[in-house]
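Taking it in order: structure first as C-alpha coordinates, then the write-up.
Order of appearance sets the numbers: ligands from 1, and atoms from 1 within every ligand.
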Amino acid sequence: MQNYYMAHDKHQTVLVVDFGGQYTQLIARKVREQKVFTEIVPWNSPDLESKWSAADAVILSGGPKSVTEPDAPTLPEHLLRLGKPILGICYGHQLLGKLLGGEVVRAEKREYGKHVLCLTHPSALIEEEGMVWMSHGDTVIKPPPGFVVTAKTETCPVAVMENVEQKIFGVQFHPEVSHTTFGNQVLSSFLFEQAKLAGDWTPKNFIEETIEDIRRTVGKSKVLCAVSGGVDSAVTAALVARAVHKQLICVFVDHGLLRKNEASEVVETFREYIDAELITIDASDSFFKALKGIKDPEEKRKIVGEQFIKVFEAHAQKWEDCEFLAQGTLYPDVIESGSPTAARIKTHHNVGGLPSWMRMKLIEPLRWLFKDEVRRVGKELGLPEKIIDREPFPGPGLAVRILGEVTPEKVKIVQEADWIFREELKRAGISPRVWQSFAGLLDVKSVGVMGDERTYQHPIVLRAVESEDAMTARAVDIPFPLLEHIATRIVNEVQGVNRVLYDLTSKPPATIEWE
Ligand code: XMP
(Lines give C-alpha, C1' and ligand atoms only; values in the text may rest on other atoms or scores of the structure.)
Protein backbone atom coordinates (compact mmCIF):
# COMPACT_ATOMS: atom_id res chain seq x y z
CA MET A 1 0.00 0.00 0.00
CA GLN A 2 1.38 3.40 -0.89
CA ASN A 3 1.82 6.10 1.62
CA TYR A 4 0.59 9.01 -0.47
CA TYR A 5 1.15 12.60 0.36
CA MET A 6 -2.21 14.06 1.34
CA ALA A 7 -2.19 17.77 0.64
CA HIS A 8 -5.40 18.30 2.63
CA ASP A 9 -3.78 16.93 5.78
CA LYS A 10 -1.23 19.70 5.66
CA HIS A 11 -3.18 22.62 4.23
CA GLN A 12 -6.41 24.45 4.78
CA THR A 13 -8.78 23.00 2.23
CA VAL A 14 -11.77 24.23 0.33
CA LEU A 15 -13.98 21.34 -0.67
CA VAL A 16 -15.50 21.86 -4.12
CA VAL A 17 -18.64 19.76 -4.32
CA ASP A 18 -19.17 18.80 -7.93
CA PHE A 19 -22.72 18.78 -9.26
CA GLY A 20 -21.53 18.00 -12.79
CA GLY A 21 -20.81 21.58 -13.82
CA GLN A 22 -18.58 22.26 -16.78
CA TYR A 23 -16.53 24.74 -14.72
CA THR A 24 -15.89 22.64 -11.59
CA GLN A 25 -12.19 22.16 -12.28
CA LEU A 26 -11.91 25.81 -13.15
CA ILE A 27 -13.36 26.75 -9.74
CA ALA A 28 -10.77 24.52 -8.06
CA ARG A 29 -7.97 26.06 -10.12
CA LYS A 30 -9.07 29.63 -9.51
CA VAL A 31 -9.15 29.07 -5.76
CA ARG A 32 -5.72 27.48 -5.86
CA GLU A 33 -4.43 30.50 -7.75
CA GLN A 34 -5.30 32.37 -4.56
CA LYS A 35 -3.01 29.97 -2.66
CA VAL A 36 -5.80 27.95 -1.09
CA PHE A 37 -5.81 24.18 -1.60
CA THR A 38 -8.97 22.67 -3.07
CA GLU A 39 -10.26 19.16 -3.35
CA ILE A 40 -13.07 18.20 -5.69
CA VAL A 41 -15.61 15.65 -4.51
CA PRO A 42 -18.69 14.44 -6.42
CA TRP A 43 -21.97 15.40 -4.71
CA ASN A 44 -22.91 11.71 -4.31
CA SER A 45 -19.53 10.47 -3.07
CA PRO A 46 -19.67 8.25 0.03
CA ASP A 47 -16.80 10.40 1.35
CA LEU A 48 -18.77 13.63 1.13
CA GLU A 49 -19.69 13.91 4.80
CA SER A 50 -16.23 13.14 6.15
CA LYS A 51 -14.56 15.46 3.66
CA TRP A 52 -17.08 18.22 4.40
CA SER A 53 -16.41 17.87 8.13
CA ALA A 54 -12.67 18.09 7.58
CA ALA A 55 -12.82 21.04 5.16
CA ASP A 56 -12.27 24.68 6.11
CA ALA A 57 -14.83 25.99 3.60
CA VAL A 58 -17.07 24.59 0.91
CA ILE A 59 -17.94 25.67 -2.60
CA LEU A 60 -20.96 24.14 -4.33
CA SER A 61 -20.42 23.98 -8.09
CA GLY A 62 -22.77 24.58 -10.98
CA GLY A 63 -24.49 21.70 -12.71
CA PRO A 64 -26.70 20.86 -15.67
CA LYS A 65 -29.79 19.72 -13.74
CA SER A 66 -32.76 21.64 -12.37
CA VAL A 67 -33.15 21.68 -8.57
CA THR A 68 -36.90 21.55 -9.19
CA GLU A 69 -36.67 18.01 -10.61
CA PRO A 70 -37.42 15.20 -8.14
CA ASP A 71 -34.17 13.32 -8.76
CA ALA A 72 -31.96 16.40 -8.86
CA PRO A 73 -28.51 16.13 -7.20
CA THR A 74 -28.72 17.36 -3.63
CA LEU A 75 -26.99 17.39 -0.24
CA PRO A 76 -27.78 16.05 3.22
CA GLU A 77 -29.29 19.19 4.78
CA HIS A 78 -27.49 18.87 8.11
CA LEU A 79 -24.18 19.55 6.34
CA LEU A 80 -25.33 23.11 5.79
CA ARG A 81 -25.61 23.54 9.54
CA LEU A 82 -22.07 22.42 10.40
CA GLY A 83 -20.92 26.03 10.46
CA LYS A 84 -18.58 25.80 7.45
CA PRO A 85 -18.40 28.89 5.26
CA ILE A 86 -20.24 28.00 2.05
CA LEU A 87 -20.33 29.59 -1.38
CA GLY A 88 -22.93 28.25 -3.80
CA ILE A 89 -22.31 28.97 -7.48
CA CYS A 90 -25.14 28.73 -10.04
CA TYR A 91 -26.68 25.29 -9.33
CA GLY A 92 -25.07 25.49 -5.87
CA HIS A 93 -26.80 28.85 -5.33
CA GLN A 94 -30.15 27.41 -6.36
CA LEU A 95 -29.66 24.37 -4.15
CA LEU A 96 -28.95 26.60 -1.15
CA GLY A 97 -32.13 28.51 -2.03
CA LYS A 98 -34.14 25.31 -2.12
CA LEU A 99 -32.67 23.52 0.91
CA LEU A 100 -32.68 26.52 3.22
CA GLY A 101 -36.30 27.51 2.59
CA GLY A 102 -36.18 30.01 -0.26
CA GLU A 103 -38.08 29.71 -3.52
CA VAL A 104 -36.63 28.50 -6.80
CA VAL A 105 -38.50 28.45 -10.11
CA ARG A 106 -37.72 27.49 -13.64
CA ALA A 107 -36.94 30.81 -15.30
CA GLU A 108 -39.24 32.07 -18.04
CA LYS A 109 -36.26 33.35 -19.90
CA ARG A 110 -32.95 31.50 -19.84
CA GLU A 111 -30.07 33.78 -18.96
CA TYR A 112 -26.93 33.00 -20.88
CA GLY A 113 -23.84 35.10 -21.48
CA LYS A 114 -22.70 38.41 -20.09
CA HIS A 115 -25.04 40.46 -17.91
CA VAL A 116 -24.79 43.60 -15.85
CA LEU A 117 -24.90 42.95 -12.12
CA CYS A 118 -26.55 45.73 -10.05
CA LEU A 119 -25.97 45.97 -6.31
CA THR A 120 -29.16 46.33 -4.29
CA HIS A 121 -27.57 46.24 -0.85
CA PRO A 122 -24.05 46.51 0.61
CA SER A 123 -22.37 43.20 -0.09
CA ALA A 124 -19.74 41.21 1.78
CA LEU A 125 -18.54 39.65 -1.46
CA ILE A 126 -18.81 42.28 -4.14
CA GLU A 127 -17.25 45.70 -4.07
CA GLU A 128 -18.74 47.24 -7.19
CA GLU A 129 -21.15 46.62 -10.05
CA GLY A 130 -19.83 45.00 -13.20
CA MET A 131 -20.25 42.34 -15.86
CA VAL A 132 -20.97 38.77 -14.85
CA TRP A 133 -21.16 35.50 -16.75
CA MET A 134 -24.50 33.71 -16.39
CA SER A 135 -25.64 30.37 -17.70
CA HIS A 136 -28.78 29.08 -15.99
CA GLY A 137 -32.40 28.06 -16.39
CA ASP A 138 -33.62 28.02 -12.78
CA THR A 139 -33.84 31.18 -10.73
CA VAL A 140 -34.02 31.86 -7.01
CA ILE A 141 -36.96 34.27 -6.69
CA LYS A 142 -37.09 34.43 -2.90
CA PRO A 143 -34.04 34.00 -0.65
CA PRO A 144 -34.19 31.72 2.40
CA PRO A 145 -34.96 33.32 5.77
CA GLY A 146 -31.93 35.14 7.18
CA PHE A 147 -30.50 35.93 3.73
CA VAL A 148 -30.14 39.39 2.24
CA VAL A 149 -30.34 39.88 -1.51
CA THR A 150 -27.38 42.06 -2.40
CA ALA A 151 -27.45 42.04 -6.22
CA LYS A 152 -29.71 41.38 -9.18
CA THR A 153 -29.59 41.42 -12.96
CA GLU A 154 -32.30 42.46 -15.39
CA THR A 155 -33.85 39.01 -15.36
CA CYS A 156 -32.54 37.54 -12.13
CA PRO A 157 -33.99 39.06 -8.94
CA VAL A 158 -31.68 37.12 -6.58
CA ALA A 159 -28.31 37.13 -8.32
CA VAL A 160 -26.44 37.27 -5.00
CA MET A 161 -27.75 36.33 -1.56
CA GLU A 162 -25.83 36.45 1.66
CA ASN A 163 -26.15 35.30 5.22
CA VAL A 164 -23.06 36.89 6.69
CA GLU A 165 -23.73 35.64 10.19
CA GLN A 166 -23.77 31.99 9.07
CA LYS A 167 -21.21 32.68 6.34
CA ILE A 168 -23.36 31.16 3.62
CA PHE A 169 -23.40 32.88 0.24
CA GLY A 170 -25.00 32.18 -3.11
CA VAL A 171 -24.12 33.70 -6.49
CA GLN A 172 -26.09 32.93 -9.60
CA PHE A 173 -23.24 33.99 -11.86
CA HIS A 174 -19.89 32.27 -12.40
CA PRO A 175 -17.05 34.08 -10.60
CA GLU A 176 -14.57 31.49 -11.88
CA VAL A 177 -15.07 32.48 -15.54
CA SER A 178 -12.89 35.31 -16.80
CA HIS A 179 -15.90 37.11 -18.37
CA THR A 180 -16.97 37.95 -14.81
CA THR A 181 -14.78 41.01 -14.48
CA PHE A 182 -14.45 40.90 -10.69
CA GLY A 183 -14.65 37.12 -10.26
CA ASN A 184 -11.30 36.79 -8.48
CA GLN A 185 -12.31 39.48 -6.04
CA VAL A 186 -15.54 37.59 -5.21
CA LEU A 187 -13.55 34.44 -4.53
CA SER A 188 -10.93 36.23 -2.47
CA SER A 189 -13.60 38.00 -0.35
CA PHE A 190 -15.14 34.62 0.36
CA LEU A 191 -11.85 32.87 1.07
CA PHE A 192 -10.06 35.47 3.09
CA GLU A 193 -12.59 37.91 4.56
CA GLN A 194 -15.41 35.49 5.24
CA ALA A 195 -13.76 32.07 5.63
CA LYS A 196 -10.61 33.66 7.12
CA LEU A 197 -8.28 31.31 5.30
CA ALA A 198 -4.54 31.89 5.35
CA GLY A 199 -3.45 31.14 1.77
CA ASP A 200 -0.88 28.49 2.65
CA TRP A 201 -0.82 26.56 -0.65
CA THR A 202 2.37 27.64 -2.38
CA PRO A 203 4.78 25.83 -4.72
CA LYS A 204 7.51 26.17 -2.09
CA ASN A 205 5.44 24.49 0.62
CA PHE A 206 4.35 21.80 -1.82
CA ILE A 207 7.95 21.06 -2.80
CA GLU A 208 9.18 20.82 0.77
CA GLU A 209 6.34 18.56 1.88
CA THR A 210 6.53 16.36 -1.19
CA ILE A 211 10.27 15.85 -0.89
CA GLU A 212 9.85 14.88 2.73
CA ASP A 213 7.04 12.51 1.79
CA ILE A 214 9.01 10.88 -1.02
CA ARG A 215 11.94 10.30 1.35
CA ARG A 216 9.69 8.70 3.92
CA THR A 217 7.90 6.54 1.35
CA VAL A 218 10.93 5.39 -0.57
CA GLY A 219 13.33 4.79 2.29
CA LYS A 220 16.49 3.27 0.86
CA SER A 221 14.84 1.72 -2.20
CA LYS A 222 15.51 2.63 -5.82
CA VAL A 223 13.07 4.59 -7.96
CA LEU A 224 12.61 4.32 -11.72
CA CYS A 225 11.23 7.27 -13.67
CA ALA A 226 10.54 7.38 -17.40
CA VAL A 227 11.19 10.84 -18.83
CA SER A 228 9.89 12.19 -22.10
CA GLY A 229 11.08 15.79 -22.18
CA GLY A 230 7.62 16.99 -21.16
CA VAL A 231 7.04 19.15 -18.12
CA ASP A 232 5.18 16.52 -16.07
CA SER A 233 7.86 13.85 -16.18
CA ALA A 234 10.62 16.46 -15.78
CA VAL A 235 9.04 17.94 -12.64
CA THR A 236 8.40 14.43 -11.28
CA ALA A 237 12.03 13.47 -11.85
CA ALA A 238 13.29 16.74 -10.38
CA LEU A 239 11.24 16.25 -7.20
CA VAL A 240 12.34 12.65 -6.73
CA ALA A 241 15.92 13.66 -7.50
CA ARG A 242 15.81 16.33 -4.80
CA ALA A 243 14.44 13.78 -2.37
CA VAL A 244 16.61 10.72 -3.05
CA HIS A 245 18.89 11.59 -5.95
CA LYS A 246 21.32 8.71 -5.74
CA GLN A 247 18.46 6.23 -5.67
CA LEU A 248 16.76 7.56 -8.82
CA ILE A 249 17.26 6.05 -12.26
CA CYS A 250 15.66 7.91 -15.15
CA VAL A 251 15.02 6.30 -18.49
CA PHE A 252 14.50 8.13 -21.75
CA VAL A 253 13.34 6.01 -24.65
CA ASP A 254 13.86 7.68 -28.03
CA HIS A 255 11.23 6.20 -30.33
CA GLY A 256 12.44 8.15 -33.34
CA LEU A 257 9.12 9.97 -33.50
CA LEU A 258 10.17 13.16 -31.77
CA ARG A 259 10.53 16.57 -33.33
CA LYS A 260 13.76 17.76 -34.92
CA ASN A 261 16.68 17.82 -32.43
CA GLU A 262 14.32 17.00 -29.59
CA ALA A 263 15.97 13.81 -28.37
CA SER A 264 19.37 15.43 -27.93
CA GLU A 265 17.79 18.51 -26.33
CA VAL A 266 15.90 16.37 -23.82
CA VAL A 267 19.08 14.58 -22.80
CA GLU A 268 21.17 17.76 -22.60
CA THR A 269 18.58 19.66 -20.60
CA PHE A 270 18.05 16.73 -18.26
CA ARG A 271 21.76 16.42 -17.57
CA GLU A 272 22.04 20.12 -16.91
CA TYR A 273 19.07 20.50 -14.58
CA ILE A 274 18.29 17.17 -12.97
CA ASP A 275 20.66 15.51 -10.57
CA ALA A 276 20.06 11.84 -11.36
CA GLU A 277 21.31 9.01 -13.48
CA LEU A 278 19.83 9.04 -16.99
CA ILE A 279 19.75 5.98 -19.22
CA THR A 280 18.94 6.76 -22.84
CA ILE A 281 17.77 4.08 -25.18
CA ASP A 282 17.67 4.66 -28.92
CA ALA A 283 14.89 2.33 -29.94
CA SER A 284 13.83 4.06 -33.16
CA ASP A 285 14.60 1.09 -35.42
CA SER A 286 12.34 -1.23 -33.50
CA PHE A 287 9.52 1.34 -33.48
CA PHE A 288 9.74 1.87 -37.25
CA LYS A 289 9.82 -1.86 -37.82
CA ALA A 290 6.74 -2.38 -35.68
CA LEU A 291 4.88 0.45 -37.42
CA LYS A 292 5.69 -0.74 -40.94
CA GLY A 293 2.57 -1.03 -43.09
CA ILE A 294 0.24 0.15 -40.29
CA LYS A 295 -2.18 2.89 -41.28
CA ASP A 296 -4.93 2.89 -38.67
CA PRO A 297 -4.45 5.65 -36.04
CA GLU A 298 -5.53 3.60 -33.04
CA GLU A 299 -3.44 0.65 -34.11
CA LYS A 300 -0.44 2.95 -34.43
CA ARG A 301 -1.05 4.26 -30.88
CA LYS A 302 -1.31 0.70 -29.60
CA ILE A 303 1.87 -0.37 -31.32
CA VAL A 304 3.83 2.57 -29.94
CA GLY A 305 2.57 1.68 -26.44
CA GLU A 306 3.49 -1.98 -26.88
CA GLN A 307 6.92 -1.09 -28.20
CA PHE A 308 7.61 0.95 -25.07
CA ILE A 309 6.80 -2.12 -23.02
CA LYS A 310 9.09 -4.27 -25.13
CA VAL A 311 11.94 -1.81 -24.72
CA PHE A 312 11.37 -1.77 -20.98
CA GLU A 313 11.29 -5.56 -20.90
CA ALA A 314 14.50 -5.79 -22.87
CA HIS A 315 16.28 -3.60 -20.34
CA ALA A 316 14.50 -4.85 -17.26
CA GLN A 317 17.39 -6.58 -15.56
CA LYS A 318 19.13 -3.22 -15.22
CA TRP A 319 16.48 -1.88 -12.89
CA GLU A 320 15.24 -5.08 -11.32
CA ASP A 321 15.97 -3.78 -7.88
CA CYS A 322 13.79 -0.70 -8.35
CA GLU A 323 10.92 -0.94 -5.92
CA PHE A 324 9.18 2.26 -6.98
CA LEU A 325 8.03 3.77 -10.24
CA ALA A 326 7.56 7.55 -10.34
CA GLN A 327 4.89 8.83 -12.72
CA GLY A 328 3.70 12.32 -13.59
CA THR A 329 -0.04 11.70 -13.14
CA LEU A 330 -1.92 14.99 -12.66
CA TYR A 331 -5.03 15.85 -10.64
CA PRO A 332 -7.42 16.00 -13.63
CA ASP A 333 -6.50 12.36 -14.45
CA VAL A 334 -7.09 11.42 -10.83
CA ILE A 335 -10.47 13.17 -10.72
CA GLU A 336 -11.53 11.50 -13.94
CA SER A 337 -10.60 8.11 -12.55
CA GLY A 338 -13.13 8.62 -9.74
CA SER A 339 -11.20 9.05 -6.57
CA PRO A 340 -8.11 11.04 -5.70
CA THR A 341 -7.02 8.34 -3.29
CA ALA A 342 -7.63 5.37 -5.56
CA ALA A 343 -4.34 3.78 -6.47
CA ARG A 344 -4.25 2.67 -10.04
CA ILE A 345 -1.84 2.34 -12.87
CA LYS A 346 -3.09 4.67 -15.51
CA THR A 347 -1.75 3.99 -18.95
CA HIS A 348 0.99 6.54 -19.04
CA HIS A 349 1.03 8.50 -22.28
CA ASN A 350 4.76 8.30 -22.47
CA VAL A 351 5.32 4.81 -21.17
CA GLY A 352 2.28 3.33 -22.81
CA GLY A 353 1.41 1.05 -19.89
CA LEU A 354 3.92 -1.11 -18.12
CA PRO A 355 4.39 -4.86 -18.12
CA SER A 356 2.47 -6.60 -15.39
CA TRP A 357 5.61 -8.27 -14.06
CA MET A 358 6.93 -4.84 -13.18
CA ARG A 359 5.36 -4.98 -9.79
CA MET A 360 6.70 -1.65 -8.71
CA LYS A 361 4.86 0.58 -6.31
CA LEU A 362 3.77 3.84 -7.80
CA ILE A 363 4.70 7.25 -6.57
CA GLU A 364 2.81 10.08 -8.18
CA PRO A 365 4.06 13.31 -6.64
CA LEU A 366 1.92 15.50 -8.94
CA ARG A 367 -1.38 13.77 -8.30
CA TRP A 368 -2.80 16.81 -6.49
CA LEU A 369 -1.69 19.36 -9.08
CA PHE A 370 -3.21 21.01 -12.11
CA LYS A 371 -0.95 21.65 -15.10
CA ASP A 372 -0.46 25.33 -14.28
CA GLU A 373 0.63 24.34 -10.78
CA VAL A 374 3.10 21.82 -12.19
CA ARG A 375 4.60 24.65 -14.21
CA ARG A 376 4.87 26.86 -11.12
CA VAL A 377 6.50 24.04 -9.17
CA GLY A 378 8.91 23.45 -12.07
CA LYS A 379 9.85 27.11 -12.02
CA GLU A 380 10.41 27.04 -8.28
CA LEU A 381 12.62 23.96 -8.75
CA GLY A 382 14.72 25.97 -11.18
CA LEU A 383 13.80 24.10 -14.35
CA PRO A 384 14.31 26.17 -17.51
CA GLU A 385 11.55 27.73 -19.60
CA LYS A 386 12.24 25.33 -22.46
CA ILE A 387 10.94 22.54 -20.24
CA ILE A 388 8.27 24.45 -18.35
CA ASP A 389 6.68 26.09 -21.36
CA ARG A 390 7.12 23.16 -23.71
CA GLU A 391 4.02 22.63 -25.79
CA PRO A 392 2.16 19.44 -24.98
CA PHE A 393 3.38 16.67 -27.27
CA PRO A 394 1.50 13.38 -27.70
CA GLY A 395 3.16 10.22 -26.37
CA PRO A 396 2.97 8.48 -29.78
CA GLY A 397 4.73 11.53 -31.20
CA LEU A 398 4.88 12.08 -34.92
CA ALA A 399 3.18 8.72 -35.50
CA VAL A 400 -0.13 10.54 -35.01
CA ARG A 401 0.96 13.50 -37.13
CA ILE A 402 1.87 11.39 -40.14
CA LEU A 403 -1.41 10.19 -41.53
CA GLY A 404 -1.24 6.64 -42.79
CA GLU A 405 1.94 4.59 -42.72
CA VAL A 406 4.89 5.97 -40.76
CA THR A 407 8.32 5.76 -42.37
CA PRO A 408 11.67 7.35 -41.47
CA GLU A 409 11.46 9.41 -44.68
CA LYS A 410 8.08 10.83 -43.73
CA VAL A 411 9.30 11.57 -40.21
CA LYS A 412 12.14 13.58 -41.71
CA ILE A 413 9.72 15.59 -43.86
CA VAL A 414 7.46 16.40 -40.91
CA GLN A 415 10.39 17.25 -38.67
CA GLU A 416 11.76 19.77 -41.18
CA ALA A 417 8.39 21.40 -41.92
CA ASP A 418 7.52 21.50 -38.22
CA TRP A 419 10.85 23.13 -37.42
CA ILE A 420 10.31 25.90 -39.99
CA PHE A 421 6.74 26.54 -38.84
CA ARG A 422 7.56 26.82 -35.16
CA GLU A 423 10.72 28.84 -35.84
CA GLU A 424 8.69 31.40 -37.82
CA LEU A 425 5.98 31.60 -35.14
CA LYS A 426 8.64 32.22 -32.53
CA ARG A 427 10.34 34.86 -34.65
CA ALA A 428 7.00 36.64 -35.24
CA GLY A 429 6.31 36.71 -31.48
CA ILE A 430 3.22 34.53 -31.90
CA SER A 431 4.42 31.54 -29.84
CA PRO A 432 3.37 32.84 -26.39
CA ARG A 433 -0.32 32.63 -27.31
CA VAL A 434 0.01 29.23 -28.92
CA TRP A 435 -1.07 26.13 -26.99
CA GLN A 436 0.25 23.75 -29.63
CA SER A 437 1.67 24.24 -33.10
CA PHE A 438 2.86 21.59 -35.46
CA ALA A 439 3.10 20.26 -38.98
CA GLY A 440 1.36 17.10 -40.11
CA LEU A 441 1.81 15.09 -43.27
CA LEU A 442 -1.31 14.06 -45.15
CA ASP A 443 -1.77 10.68 -46.73
CA VAL A 444 -2.72 11.98 -50.17
CA LYS A 445 -0.69 13.22 -53.08
CA SER A 446 -1.41 16.17 -55.28
CA VAL A 447 0.04 17.61 -58.45
CA GLY A 448 2.26 20.67 -58.44
CA VAL A 449 4.88 22.29 -60.57
CA MET A 450 8.39 23.19 -59.52
CA GLY A 451 10.74 24.80 -62.00
CA ASP A 452 9.62 23.18 -65.22
CA GLU A 453 8.81 19.88 -63.61
CA ARG A 454 5.53 18.36 -62.63
CA THR A 455 5.52 17.14 -59.03
CA TYR A 456 3.26 14.62 -57.36
CA GLN A 457 3.81 14.81 -53.62
CA HIS A 458 2.24 14.91 -50.17
CA PRO A 459 0.85 18.12 -48.66
CA ILE A 460 1.86 19.43 -45.26
CA VAL A 461 -0.90 20.70 -43.00
CA LEU A 462 -0.03 23.29 -40.38
CA ARG A 463 -1.98 23.45 -37.15
CA ALA A 464 -1.64 26.10 -34.44
CA VAL A 465 -4.24 26.39 -31.71
CA GLU A 466 -5.02 28.52 -28.71
CA SER A 467 -6.47 26.66 -25.76
CA GLU A 468 -6.78 26.69 -21.97
CA ASP A 469 -6.77 22.97 -21.33
CA ALA A 470 -6.92 21.11 -24.69
CA MET A 471 -10.62 20.36 -24.15
CA THR A 472 -11.57 23.14 -26.52
CA ALA A 473 -9.30 24.98 -28.94
CA ARG A 474 -9.38 27.45 -31.78
CA ALA A 475 -7.03 28.12 -34.64
CA VAL A 476 -4.47 30.85 -34.05
CA ASP A 477 -5.04 33.94 -36.15
CA ILE A 478 -1.74 33.98 -38.06
CA PRO A 479 -1.35 36.94 -40.44
CA PHE A 480 -1.74 35.85 -44.05
CA PRO A 481 1.65 37.21 -45.24
CA LEU A 482 3.36 35.15 -42.54
CA LEU A 483 1.44 32.01 -43.53
CA GLU A 484 2.40 32.64 -47.13
CA HIS A 485 6.06 33.07 -46.15
CA ILE A 486 6.01 29.83 -44.13
CA ALA A 487 4.36 27.94 -47.01
CA THR A 488 7.00 29.21 -49.41
CA ARG A 489 9.83 28.23 -47.10
CA ILE A 490 8.42 24.74 -46.57
CA VAL A 491 7.96 23.89 -50.25
CA ASN A 492 11.37 25.31 -51.06
CA GLU A 493 13.31 23.82 -48.19
CA VAL A 494 11.61 20.51 -47.50
CA GLN A 495 12.07 17.86 -50.14
CA GLY A 496 8.92 15.90 -50.91
CA VAL A 497 6.34 18.63 -50.20
CA ASN A 498 4.56 20.62 -52.89
CA ARG A 499 1.59 22.11 -51.03
CA VAL A 500 0.94 23.63 -47.59
CA LEU A 501 -2.44 23.98 -45.89
CA TYR A 502 -3.45 25.78 -42.69
CA ASP A 503 -6.09 24.08 -40.53
CA LEU A 504 -8.75 26.59 -39.41
CA THR A 505 -11.01 24.16 -37.59
CA SER A 506 -11.72 24.59 -33.91
CA LYS A 507 -12.11 21.81 -31.35
CA PRO A 508 -14.86 20.66 -31.25
CA PRO A 509 -15.77 19.54 -33.87
CA ALA A 510 -12.17 18.72 -34.87
CA THR A 511 -9.52 17.50 -32.43
CA ILE A 512 -6.15 19.16 -31.99
CA GLU A 513 -4.20 16.26 -33.47
CA TRP A 514 -5.17 14.88 -36.87
CA GLU A 515 -5.21 11.31 -35.64
P1 XMP B 1 -6.87 15.92 -29.25
O2 XMP B 1 -6.19 15.58 -30.52
O3 XMP B 1 -7.71 14.79 -28.72
O4 XMP B 1 -5.72 16.10 -28.18
O5 XMP B 1 -7.64 17.20 -29.32
C6 XMP B 1 -5.87 16.70 -26.93
C7 XMP B 1 -4.48 16.81 -26.29
O8 XMP B 1 -3.96 15.51 -26.03
C9 XMP B 1 -2.78 15.29 -26.78
N10 XMP B 1 -2.86 13.92 -27.29
C11 XMP B 1 -2.17 12.88 -26.78
N12 XMP B 1 -1.27 12.84 -25.79
N13 XMP B 1 -1.01 10.53 -26.15
C14 XMP B 1 -0.68 11.67 -25.49
O15 XMP B 1 0.19 11.62 -24.63
C16 XMP B 1 -1.90 10.48 -27.15
O17 XMP B 1 -2.17 9.44 -27.73
C18 XMP B 1 -2.51 11.74 -27.48
N19 XMP B 1 -3.43 12.10 -28.40
C20 XMP B 1 -3.62 13.44 -28.27
C21 XMP B 1 -2.79 16.33 -27.88
O22 XMP B 1 -1.49 16.63 -28.35
C23 XMP B 1 -3.47 17.48 -27.20
O24 XMP B 1 -2.58 18.20 -26.38
Side-chain angles (χ1 to χ4, degrees), residues 22 25 225-236 252-259 262-263 266 287 290-291 294-309 311-312 327-337 345-354 364 366 370-372 374-375 387-404 406 411 414-415 418 421-422 425 431 433-442 461-476 503-515:
Q22 57 174 323
Q25 287 195 26
C225 180
V227 295
S228 65
V231 63
D232 304 343
S233 63
V235 172
T236 302
F252 169 60
V253 175
D254 178 4
H255 52 20
L257 301 162
L258 295 171
R259 290 167 290 191
E262 200 163 20
V266 168
F287 277 81
L291 286 166
I294 307 296
K295 291 187 151 199
D296 178 73
E298 280 315 298
E299 214 176 320
K300 286 197 275 183
R301 270 202 172 75
K302 208 172 115 225
I303 288 173
V304 172
E306 283 167 2
Q307 272 313 112
F308 269 117
I309 295 173
V311 174
F312 265 79
Q327 280 207 156
T329 311
L330 304 192
Y331 192 44
D333 304 324
V334 175
I335 299 167
E336 275 143 37
S337 83
I345 298 197
K346 168 180 164 288
T347 306
H348 194 294
H349 288 318
N350 302 311
V351 181
L354 286 161
E364 298 177 313
L366 311 182
F370 290 107
K371 191 88 175 182
D372 53 330
V374 174
R375 293 204 164 107
I387 293 185
I388 289 168
D389 297 331
R390 186 182 186 250
E391 289 178 12
F393 186 68
L398 301 180
V400 291
R401 294 181 178 174
I402 292 167
L403 279 70
V406 180
V411 167
V414 174
Q415 282 180 334
D418 184 85
F421 182 38
R422 288 184 303 119
L425 292 186
S431 302
R433 60 190 167 93
V434 170
W435 171 269
Q436 268 174 289
S437 54
F438 59 87
L441 188 69
L442 301 188
V461 60
L462 304 177
R463 181 99 166 120
V465 294
E466 291 172 17
S467 176
E468 288 251 317
D469 49 13
M471 301 296 286
T472 59
R474 66 184 289 266
V476 177
D503 182 354
L504 290 172
T505 334
S506 53
K507 173 182 179 176
T511 50
I512 295 176
E513 304 292 343
W514 268 59
E515 282 194 341

Report yes if F393 has an N/O atom closer than 3.5 Å to an N/O atom of ligand 1; otherwise report no. no

Per-atom filter on ligand 1: closer than 4.0 angstrom to a heavy atom of K507 are 1 (P), 3 (O), 5 (O), 6 (C)

Could I get the full list of salt bridge (charged side-chain N to carboxylate O under 4.0 Å, His left out) partners for E299, not counting sequence neighbours? none

If we only count N/O pairs under 3.5 Å, is E513 in contact with ligand 1? yes

Side-chain touch R301/P394, heavy atoms, less than 4.5 angstrom: no

For V476, the option from V434, L504, L462 that meets side-chain contact (heavy atoms from CB on, under 4.5 Å): V434

Can you list the ligand 1 atoms lying under 4.0 Å from a non-hydrogen atom of R301? 16 (C), 17 (O), 18 (C), 19 (N), 20 (C)

Does a side chain donor of either E391 or S437 reach within less than 3.5 Å of an acceptor in the other side chain? yes

Hey, which atoms in ligand 1 end up nearer than 4.0 Å to a heavy atom of G395? 12 (N), 13 (N), 14 (C), 15 (O)

Distance-only N or O hit between ligand 1 and R401, under 3.5 Å: no

Applying the side-chain contact (heavy atoms from CB on, under 4.5 Å) criterion to L398, which one of V414, V406, L258 satisfies it? V414

From Q436, K507, R474, residue fulfilling side-chain contact (heavy atoms from CB on, under 4.5 Å) relative to V465: Q436

Nitrogen or oxygen atoms of I512 and ligand 1 under 3.5 Å apart: yes

